[in-house]
Amino acid sequence: MRAFSYERPSDLQAAIKAAGTSPDNQPPTQAAAQFIAGGTNMSDYMKLNVNRPERLIDLNKLSEPAMTAIRVDDAGLHLGALVRMSDAQEHEDVVRMFPVISDSLRLAASGQIRNMASLGGNLLQRTRCEYFREVSWPCNKREPGAGCSALDGVNRQHAVLGGSEACIATYHGDFAQALIALDAEVEIARAKGSRRMPFADLHKLPQDTPQIETALSPSDIIVAIHVPSGPWRRSRYLKVRDRESYAFALASAAVALDMDGDTVRGARIALGGVATVPWRAKSAEEMLTGRKLDEAAAKEAADTAFAEASGRKHNAYKIPLGKQTLVRALLETQDMKV
């Protein structure tokens with residue numbers, strides 16, 4: 001790990017000021033000053049010499065209510081960005097009204113990490129691609145223009161949706177799948193005022209610039225996540241992995257259903273473990289709407305969701321696995337008692 005300086009500003013504006021000014025097109029992950037909350041992802045990559053900030057700005061002294069609260073009202077769910085994953089996972093209103101969110105948090109990482117990791121930081125976690133983590137291998141995400149070692153390497157863990165010839169690294173988060181399925185928004189504090197943006201616009205496809213992972217500038221801070229109210233108590237997150245504890249998804253599905261008997265009034269579907277960014281399967285949602293949900297319809301939805309998937313030597317298994325995961329998630333969500 002390289003030497004760095006450490007600061008703990010006492011309020012939001014001081015934190016933004018401490019980040020200084022950087023070119024708007026500079027990715028936050030390459031800025032000299034970077035933010036830290038739980039640190040469960042940052043510390044890993046600093047030890048591996050993948051992330052090399054000169055200054056860390058610790059956000060944990062910030063006490064703005066918007067950043068630390070969990071609140072449910074007529075508009076929906078408010079989750080402060082500094083709320084710990086375990087606190088949101090166990091919150092009574094989250095469990096009752098948005099079970100897919102509670103599930104996605106409960107199935108992530110380990111209990112110790114969930115006690116430390118913040119919701120905002122979790123959304124910005126970086127890929128666990130082996131070639132990104134090992135600095136001796138070429139990686140366009142770590143060093144633009146170096147090449148992607150995963151394309152012809154051992155790519156069992158890699159993405160089958162949203163990849164490019166520059167990068168096929170998987171987005172490994174769980175919580176994000178629930179948020180993109182439920183049309184969440186993120187509230188962002190900036191030097192020039194705050195803004196809201198659809199969560200679906202936060203993460204960037206790799207295309208030919210995989211080093212640009214999000215739409216954030218280096219001094220932007222996620223303040224809160226807003227999930228609009230809706231008929232989504234019938235929802236769940238299903239995660240398939242190599243082992244039942246402390247492992248990333250090989251395939252996952254966040255599903256929310258609004259049912260009229262056996263007929264789908266509305267559906268929300270997101271896929272994890274199989275894509276380069278949190279992945280919304282809108283075509284599958286549209287296919288199900290107005291249909292009777294049975295195994296045949298669920299399989300058709302899964303085929304639709306993976307219609308554009310592209311596998312490589314070691315990860316092609318993710319396509320049938322992802323389809324099976326989505327079918328199971330749809331049918332188990334349909335059977336929920338709400």
Side-chain angles (χ1 to χ4, degrees), residues 41 100 103-104 107-108 122-132 139-141 148 150-151 153 155-184 186 198-215 237-242 247-256 267-287 301-330:
N41 195 232
V100 65
D103 286 350
S104 71
L107 293 173
N122 179 266
L123 299 181
L124 300 178
Q125 66 181 287
R126 307 189 74 187
T127 184
R128 266 63 172 190
C129 170
E130 295 90 341
Y131 299 107
F132 172 74
C139 171
N140 288 320
K141 186 181 286 290
C148 176
L151 293 176
N155 45 42
R156 178 178 179 268
Q157 296 279 350
H158 288 71
V160 296
L161 289 165
S164 70
E165 288 303 306
C167 181
I168 56 170
T170 305
Y171 176 83
H172 279 90
D174 298 295
F175 178 44
Q177 318 310 330
L179 296 184
I180 198 170
L182 298 183
D183 291 314
V186 286
F199 179 74
D201 294 340
L202 178 62
H203 296 89
K204 296 293 187 181
L205 288 166
Q207 299 179 330
D208 59 354
T209 54
Q211 76 278 10
I212 302 176
E213 298 176 1
T214 72
Y237 181 72
L238 178 64
K239 182 175 182 178
V240 176
R241 44 190 167 171
D242 283 325
F248 296 106
L250 299 174
S252 66
V255 170
R268 298 290 183 270
I269 298 170
L271 305 173
V274 294
T276 56
V277 295
W279 194 266
R280 178 82 174 267
K282 284 193 173 183
S283 58
E285 296 171 0
E286 293 167 359
M287 192 281 297
D303 288 339
T304 301
F306 282 86
E308 298 180 3
S310 176
R312 291 183 177 268
K313 182 176 181 180
H314 303 289
N315 71 347
Y317 76 95
K318 283 194 172 189
I319 299 174
L321 179 63
K323 291 180 181 181
Q324 293 163 11
T325 301
L326 178 52
V327 169
R328 178 181 157 194
L330 286 166

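Along the sequence shown, residues are numbered consecutively beginning with 1.
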(request) Can you measure from SG (Cys139) to CZ (Phe132) and round to the nearest 0.5 angstrom? (result) 6.0 Å

(request) Could you give me the CA-CA distance, side-chain angles and deciding distance for Thr170 and Lys318, then say whether side chain to side chain contact (heavy atoms under 4.5 Å, CB included) is met? (result) CA-CA 12 Å; Thr170 305; Lys318 283 194 172 189; 4.0 Å; yes

(request) Please report the C-alpha distance between Tyr317 and Leu250 in whole Å, then the side-chain angles of each, then the deciding distance to 0.1 Å, and finally whether the side chain to side chain contact (heavy atoms under 4.5 Å, CB included) criterion is met. (result) CA-CA 10 Å; Tyr317 76 95; Leu250 299 174; 3.4 Å; yes

(request) Using a 4.5 Å cut-off on heavy atoms from C-beta on, say whether the side chain of Arg241 contacts that of Leu107. (result) yes

(message) Testing the basics here: between Trp279 and Gly162, what is the closest heavy-atom pair and its distance to 0.1 Å?
(response) CZ3-CA, 3.6 Å

(message) Test salt bridge (charged side-chain N to carboxylate O under 4.0 Å, His left out) on Arg280 and Glu286; report intermediate values, then the result.
(response) CA-CA 12 Å; Arg280 178 82 174 267; Glu286 293 167 359; over 6 Å; no

(message) Just to verify, which of Leu151, Ile168, Thr276, Val274 counts as forming a side-chain contact (heavy atoms from CB on, under 4.5 Å) with His158?
(response) Ile168

(request) Side-chain contact test, heavy atoms from C-beta onward, threshold under 4.5 Å: evaluate it for Glu213 versus Thr127 and give yes or no. (result) no

(message) Quick one: does any side-chain atom of Asn155 pair with a main-chain N or O of His314 as donor and acceptor, under 3.5 Å?
(response) yes

(request) Determine, step by step, whether Arg156 and Asp242 satisfy the salt bridge (charged side-chain N to carboxylate O under 4.0 Å, His left out) criterion, reporting the C-alpha distance in whole Å, the side-chain angles of both residues, the deciding distance to 0.1 Å, and the verdict. (result) CA-CA 12 Å; Arg156 178 178 179 268; Asp242 283 325; 2.8 Å; yes

(request) For Ala329 and Leu238, work out which heavy atoms get closest and say how close. (result) N-CD2, 3.8 Å

(message) Measuring from atom CE of Met287 to atom OG1 of Thr304, what distance do you get when rounded to the nearest 0.5 angstrom?
(response) 4.5 Å

(message) If we ignore hydrogens and angles and just use 3.5 Å, is the side chain of His203 paired with the main-chain N or O of Leu123 as donor and acceptor?
(response) yes

(message) Once rounded to the nearest 0.5 Å, what's the spacing between atom NE2 of His172 and atom OG of Ser252?
(response) 10.5 Å

(message) Test your reading of the model: is there a side-chain donor-acceptor pair from Lys239 to the backbone of Ala247, 3.5 Å cut-off?
(response) yes

(message) Checking the side chain of Gln177 only, and the main-chain atoms of Ala270 only, is there a donor and an acceptor separated by less than 3.5 Å?
(response) no

(request) Compare every heavy atom of Leu271 with every heavy atom of Leu161, then report the nearest pair and how far apart it is. (result) CD1-CD1, 4.0 Å

(request) May I have the step-by-step check of side chain to side chain contact (heavy atoms under 4.5 Å, CB included) for Lys323 and Leu321, ending in yes or no? (result) CA-CA 5 Å; Lys323 291 180 181 181; Leu321 179 63; over 6 Å; no

(message) Quick one, Ile180 and Leu202 - any side-chain contact, counting heavy atoms below 4.5 Å?
(response) no

(request) Determine the minimum heavy-atom distance between Gly173 and Tyr237, stating which atoms define it. (result) O-OH, 4.4 Å

(request) Would you please test Arg268 and Asp183 for salt bridge (charged side-chain N to carboxylate O under 4.0 Å, His left out) and show each step? (result) CA-CA 9 Å; Arg268 298 290 183 270; Asp183 291 314; 3.5 Å; yes

(message) For Asn122 versus Tyr171, what's the shortest heavy-atom pair and its separation?
(response) O-OH, 3.7 Å

(request) Of all the heavy-atom pairs spanning Ala251 and Gly322, show the shortest one and how long it is. (result) CB-CA, 3.9 Å

(message) Main chain of Arg126, side chain of Arg128: is a donor-acceptor contact present, judged purely on distance under 3.5 Å?
(response) yes

(message) A side-chain contact here means heavy atoms from C-beta on lying under 4.5 Å apart; do Leu330 and Arg328 qualify?
(response) no

